[in-house]
Amino acid sequence: MQQKTLLDRYMEQTVKHAEKYLGEICSLLASYTRKTAKLRDKADLLVAQLYDFSSREDPELQIGLKNLAEDLAMVQDYRQAQVERLETRVVAPLKAYGDIVKNKRVDLKKFSTDLNKELKELQKLEKIRLRNPADLQSIVSFTYGLLALFFH
């Protein structure tokens, strides 16, 4: 019986750690994604500014600025893909895993409640057996009631 309470504590600790660390990881990943998106937005503004500036310059500088703007725009396309991939492939599944952990916490609470009920019933059975070990009728009827309680 002592091992089951240790198991119960171990499972609670596992769920607690999963909640804590997954929450922190989700928060950091979301922050990273937001910062990458902000960087992408700032670079998009820079690209627009480079195009605008290049239209007012001599042909040689104009070509260099347009090339720089195009290269920077390509980097921003990569950043956009990175942001989308992080959101869909990393952050969203981790959020879903958070719901799974919450459900496990509910299951664990039910398990713990059921385990405590079972332990109390077993203690009652032991008391009956100690009071009158020869009274098999009471022990059998109590055991049958106990089985009916847990299998219905």
Side-chain angles (χ1 to χ4, degrees), residues 1-129 142-152:
M1 285 188 222
Q2 185 68 1
Q3 289 178 347
K4 289 190 180 187
T5 56
L6 289 175
L7 176 63
D8 193 33
R9 280 189 240 142
Y10 173 75
M11 290 188 301
E12 285 177 3
Q13 192 68 17
T14 301
V15 170
K16 183 179 175 182
H17 282 294
E19 283 178 328
K20 176 185 175 188
Y21 291 109
L22 280 174
E24 290 174 7
I25 290 169
C26 280
S27 177
L28 288 171
L29 278 170
S31 175
Y32 176 79
T33 302
R34 283 190 303 274
K35 287 184 190 234
T36 302
K38 283 181 185 177
L39 184 60
R40 175 209 55 213
D41 294 343
K42 292 291 183 186
D44 286 344
L45 292 174
L46 178 58
V47 167
Q49 194 72 15
L50 286 169
Y51 275 123
D52 188 41
F53 180 55
S54 72
S55 67
R56 294 185 177 95
E57 290 300 317
D58 64 29
E60 193 174 296
L61 183 57
Q62 188 177 29
I63 290 170
L65 288 173
K66 282 185 178 183
N67 286 341
L68 175 61
E70 288 171 4
D71 290 345
L72 193 55
M74 282 189 267
V75 171
Q76 297 330 300
D77 291 343
Y78 170 77
R79 274 208 182 95
Q80 177 62 28
Q82 180 185 18
V83 167
E84 289 172 1
R85 189 167 180 88
L86 281 169
E87 288 173 346
T88 58
R89 297 298 244 1
V90 179
V91 175
L94 278 175
K95 284 181 182 177
Y97 195 72
D99 292 337
I100 292 169
V101 171
K102 286 178 187 176
N103 291 336
K104 292 302 172 191
R105 178 163 292 288
V106 170
D107 291 346
L108 182 60
K109 188 173 182 178
K110 184 182 180 323
F111 170 77
S112 181
T113 302
D114 291 347
L115 180 63
N116 288 337
K117 283 181 187 177
E118 185 178 341
L119 291 173
K120 286 178 185 176
E121 294 299 324
L122 288 173
Q123 287 173 348
K124 287 179 187 176
L125 178 61
E126 188 62 28
K127 285 180 185 177
I128 290 172
R129 219 173 60 207
F142 185 82
T143 304
Y144 179 74
L146 188 68
L147 290 173
L149 176 71
F150 287 109
F151 291 107
H152 279 46

Per-pair distances, 0.1 Å, donor-acceptor, side chain in residues 86-103, under 3.5 Å, sequence neighbours excluded:
| unit_1 | atom_1 | unit_2 | atom_2 | d |
| --- | --- | --- | --- | --- |
| Thr88 | OG1 | Glu84 | O | 2.9 |
| Asn103 | ND2 | Asp99 | O | 3.4 |

Residue set satisfying salt bridge (charged side-chain N to carboxylate O under 4.0 Å, His left out) with Arg105, at least two apart, ordered chain then number -> Glu19
Residue pairs passing the ring-ring contact (aromatic ring centres under 6.0 Å, His included) test with at least one member in residues 13-50, sequence neighbours excluded, are His17-Tyr21
CG (Leu29) and CD1 (Ile25) are apart, to the nearest 0.5 Å, by 7.5 Å
CG (Leu115) and NZ (Lys120) are apart, to the nearest 0.5 Å, by 11.0 Å
Residue set satisfying ring pair (Phe, Tyr, Trp, His ring centres under 6.0 Å) with Tyr10, at least two apart, ordered chain then number -> none
Begin with the C-alpha distance, continue with both residues' side-chain angles, and end with the deciding distance and a verdict on side-chain contact (heavy atoms from CB on, under 4.5 Å) for Val75 and Arg79. CA-CA 6 Å; Val75 171; Arg79 274 208 182 95; 3.9 Å; yes
- Check whether any side-chain N or O of Ser27 sits under 3.5 Å from a backbone N or O of Gly23 as a donor-acceptor pair, and report yes or no. no
With sequence neighbours left out, the residues meeting side chain to side chain contact (heavy atoms under 4.5 Å, CB included) with Met74 are Asp71
Those residues at least two apart in sequence (or on a different chain) that pass side chain to side chain donor-acceptor pair (under 3.5 Å) with Lys127 are none
For Thr36, the side chain to side chain donor-acceptor pair (under 3.5 Å) test, sequence neighbours excluded, returns none
With sequence neighbours left out, the residues meeting side chain to side chain donor-acceptor pair (under 3.5 Å) with Glu24 are none
In short, Val15 meets Lys104 closest at the heavy-atom pair CG2-CB, 4.4 Å
To the nearest 0.5 Å, atom CE of Met11 lies from atom OG of Ser112 at 8.0 Å
Just distance, no hydrogens or angles: give the donor-acceptor pairs under 3.5 Å from side chains in residues 50-61, sequence neighbours left out.
| unit_1 | atom_1 | unit_2 | atom_2 | d |
| --- | --- | --- | --- | --- |
| Asp52 | OD1 | Arg56 | NH1 | 2.9 |
| Asp52 | OD2 | Arg56 | NH1 | 3.0 |
| Ser54 | OG | Leu50 | O | 3.4 |
| Ser54 | OG | Tyr51 | O | 2.8 |
| Ser55 | OG | Asp52 | O | 2.7 |
| Arg56 | NH1 | Asp52 | O | 3.3 |
| Asp58 | OD1 | Glu60 | N | 3.4 |
| Asp58 | OD1 | Leu61 | N | 2.9 |

Contacts satisfying salt bridge (charged side-chain N to carboxylate O under 4.0 Å, His left out) that involve residues 36-48 (not counting sequence neighbours) are none
| Below 4.0 angstrom, N of the basic side chain to O of the carboxylate: do Arg9 and Glu12 qualify? | no
Interatomic distance, CG@Leu46 vs CG@Leu68, rounded to 0.5 Å, equals 7.0 Å
Between the CD atom in Gln62 and the CG atom in Asn67, the distance rounded to the nearest 0.5 Å is 10.5 Å
Interatomic distance, CG@Asp114 vs NZ@Lys117, rounded to 0.5 Å, equals 6.0 Å
Residue pairs passing the ring-ring contact (aromatic ring centres under 6.0 Å, His included) test with at least one member in residues 60-87, sequence neighbours excluded, are none
Arg85 meets the side chain to side chain donor-acceptor pair (under 3.5 Å) criterion, sequence neighbours left out, with none
